[in-house]
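Below: one structure, written as structure tokens.
In the text below, chain A, chain B and the rest are named by the order of the sequence lines, each starting its count at 1. Remember, it's a predicted structure, so these values are computed and weren't measured experimentally.
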Amino acid sequence: MVEETTATEPLDFIRRQVEEDLRTGYFDGVVMTRFPPEPNGYLHIGHVKAICVDFGIAEDYGGACNLRFDDTNPVKEETEYVESMIEDIHWLGFEWKELLYASDYFDQLYEWAVQLIKEGKAYVDDLSPDEIREYRGTLTEPGKNSPYRDRTVAENLDLFERMKNGEFPEESRVLRAKIDMASPIINLRDPVMYRILHTPHHRIGDKWCIYPMYDWAHGQSDSIEGITYSLCSLEYVNHRPLYDWFLDQLGIHHPRQIEFARLELTYTLTSKRRLRRLVEEGYVNGWDDPRMPTIRGMRRRGYTAAAMRNLITLTGISTANSTVDFGLVEYAVREDLNRVTPRGMAVLRPLRLTITNYPDDQEEWFDIPTYPQDKENPATHQAPFSKEIAIEQEDFMEDAPSKFFRLAPGREVRLLGAYLVTCTGVVKDEAGQVVEILCTYDPATRGGNAVDGRKVKGTIHWVGARHGVPAELRLYDRLFSQEDPEAVEEGQDFTANLNPHSLELLDNALVEPFVADAANGSHFQFMRQGYFCRDADSTPAKPVFNLTVNLKDTWAKVSGG
RNA sequence: UGCGGUGUCGCCAAGUGGUAAGGCAGCGGGCUUUGAACCCGCCAUUCCUAGGUUCGAAUCCUAGCACCGCAGCCA
């Protein structure tokens with residue numbers, strides 16, 4: 001009798017809650033989420049997690065997810081960011097039910113504020129920002145009531161209306177919720193609901209002189225949209241009691257808020273302020289620099305949407321702050337690229353190899369499998385071979401240890417897809433540097449196999465010198481040299497941890513013809529080297545490729561390289 | 001000295017009283033016309049600490065310890 005084994009993946013704690021609600025009918029079977037970014041910067045790897053959680057959970061349970069821009073602060077927000085975010089989310093492969101803005105709800109929010117004033121639950125405060133801070137108390141001491149806290153409803157109504165009409169300067173007054181200045185939860189000490197801002201809004205112009213605070217806008221926005229799961233990061237745990245209070249006073253739909261930990265990665269920074277400094281101070285070449293953890297940067301680097309989404313699955317969702325090893329990102333990227341990426345040959349640092357017994361004017365075009373990793377896909381491409389070819393400098397050692405399976409004097413290796421060659425000598429310049437390798441080839445090994453059945457341990461890649469195409473290769477490494485970029489000595493900042501070798505330009509690389517012709521954005525594996533992505537900086541004369549991620553390199557580890 | 005949250009393998013992370021899943025990394029081996037990929041094996045007698053309850057505890061109780069968040073008219 002065979003046991004039925006139901007090996008189900010364990011659910012994360014959010015999905016488990018959703019399933020329980022579905023079972024009990026808590027929200028009548030509705031699963032509605034939203035991704036609520038503030039349009040004040042570019043989306044980065046941290047947002048990828050939020051996006052995958054918000055959209056992913058809706059997707060998993062037949063629900064829907066809105067994209068809502070939380071645009072409550074006109075001094076920081078711009079349309080440019082709205083557009084880039086839309087593009088980035090689409091690139092990740094998600095589609096929203098509705099595209100909305102918190103500013104869509106400003107009228108409703110205003111009405112609700114008036115309602116709270118009428119009920120004696122909100123008041124206009126004339127205290128200055130400094131005074132408000134003083135009156136708020138500290139983490140261990142209670143705050144005290146503002147002298148304006150007990151104004152009459154009529155006076156509050158009048159003042160609030162005049163705030164809206166622009167009669168007062170910024171910072172002269174705010175509207176506050178009347179809750180409890182002695183609450184141990186600081187968010188409940190009469191939080192500000194509206195402030196005066198004479199700044200036009202990027203979408204709705206100068207219609208408003210007062211703008212709702214995030215805390216006043218967010219929960220109600222979710223409520224209006226019928227959101228059932230308000231998924232957010234851990235720091236909002238402290239705000240939940242306030243959102244609950246607002247929703248309860250108003251008596252409107254109450255989403256279930258569930259907080260989860262943000263994604264942090266070693267060697268990576270996700271603070272908007274920090275990323276902005278990297279760009280503005282020229283440490284990187286813009287927001288889409290392939291070293292940036294922005295979605296645009298990663299995309300240009302050659303990371304795929306599938307890899308990013310899988311990374312989130314791999315890291316999981318929990319309520320414990322954690323920092324994921326960057327190696328997991330590389331794993332996710334390699335795993336996705338390995339399956340589908342065409343293979344080509346590129347010599348990063350060329351060394352001339354001359355086959356002395358190969359006819360001077362002979363030329364052969366070898367059929368090289370383009371997808372050797374996929375036995376189902378027999379596609380090949382042609383690689384030109386002649387007397388002179390280029391090999392990788394690393395693939396030759398004059399005084400090689402026995403474990404070195406590549407070319408060395410007297411040793412035989414396979415030129416991938418072509419012939420077996422044996423090194424017979426080297427040519428050196430005046431400085432004693434090896435500038436050329438001399439080899440003989442065995443004509444009976446065409447395609448790379450010896451008729452006599454002898455084996456060679458090493459196979460190296462090559463590019464024909466006659467038809468190889470010069471290319472620029474940009475080798476990227478992690479942007480920071482410390483796991484925690486913020487870990488610096490007294491008096492220094494994170495820029496002290498910038499990795500000086502995060503970009504290495506290889507201007508003399510050679511690629512085989514078929515990769516040179518690819519479209520920008522095409523992915524390749526340059527065999528034995530890594531995954532590369534053709535950059536938009538390519539010109540017809542010279543293609544440019546970005547290193548997405550290198551291949552694992554056991555030899556480098558063994559040899560101490 | 002307030003409130004809230006979190007502590008399970010180097011990094012993530014399951015586990016919800018019945019005797020520590022999985023992934024990454026690492027290590028060993030196989031295979032290999034990519035020293036890649038792939039395949040096989042190894043990798044927590046122990047769950048922050050100390051007591052207690054129980055036949056039985058990572059899970060329950062008590063007391064500690066450590067780390068994170070909160071004092072914007074930012075989000």
Have a look at [X] and say if it touches a base, only the backbone sugar-phosphate, or nothing, with a 4.0 Å heavy-atom cut-off.
X: A:Phe366; answer: nothing
X: A:Val174; answer: base
X: A:Leu139; answer: base
X: A:Glu38; answer: sugar-phosphate
X: A:Arg133; answer: sugar-phosphate

Closer than 4.0 Å, any side-chain N/O of [X] to the OP1 or OP2 of [N]?
X: A:Thr554; N: B:A36; result: yes
X: A:Thr459; N: B:U34; result: no
X: A:Ser322; N: B:A13; result: yes
X: A:Arg195; N: B:A75; result: yes
X: A:Arg136; N: B:C73; result: yes
X: A:Tyr214; N: B:C74; result: no
X: A:Arg262; N: B:G69; result: no
X: A:Lys457; N: B:U32; result: no
X: A:Lys557; N: B:C27; result: yes
X: A:Arg15; N: B:A14; result: no

Starting at the 5' end of RNA chain B, which residue's closest nucleotide do you reach first, A:Pro184 or A:Val192?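 Upstream on the strand: A:Pro184.
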Report the residue (A:Glu77 or A:Asp553) whose heavy-atom-nearest nucleotide on RNA chain B is the more 5′ of the two.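 Checking each residue's closest nucleotide, the 5'-ward one belongs to A:Asp553.
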Glycosidic conformation of B:G72, syn or anti, with 90° from 0 as the boundary?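 Syn.
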Test log, rule side-chain contact (heavy atoms from CB on, under 4.5 Å), inputs A:Phe532 and A:Leu337: CA-CA 10 Å; A:Phe532 285 78; A:Leu337 256 18; over 6 Å; no
C1' atom, B:A57 versus B:U62: distance in rounded Å?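 These two C1' atoms come out 15 Å apart once rounded.
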Does [X] get its side chain close enough to the base of [N], under 3.5 Å, for a donor-acceptor pair?
X: A:Arg414; N: B:U34; answer: no
X: A:Arg406; N: B:G35; answer: yes
X: A:Tyr236; N: B:A75; answer: yes
X: A:Gln525; N: B:U34; answer: yes

Does the pair [X]/[Y] count as a salt bridge with the N-to-O cut at 4.0 Å?
X: A:Glu392; Y: A:Arg406; answer: no
X: A:Arg240; Y: A:Glu259; answer: yes
X: A:Asp125; Y: A:Arg173; answer: no
X: A:Glu486; Y: A:Arg274; answer: yes
X: A:Arg189; Y: A:Asp180; answer: no

Between A:Tyr331 (OH) and B:A13 (P), how many Å, whole number?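 These atoms are roughly 17 Å apart.
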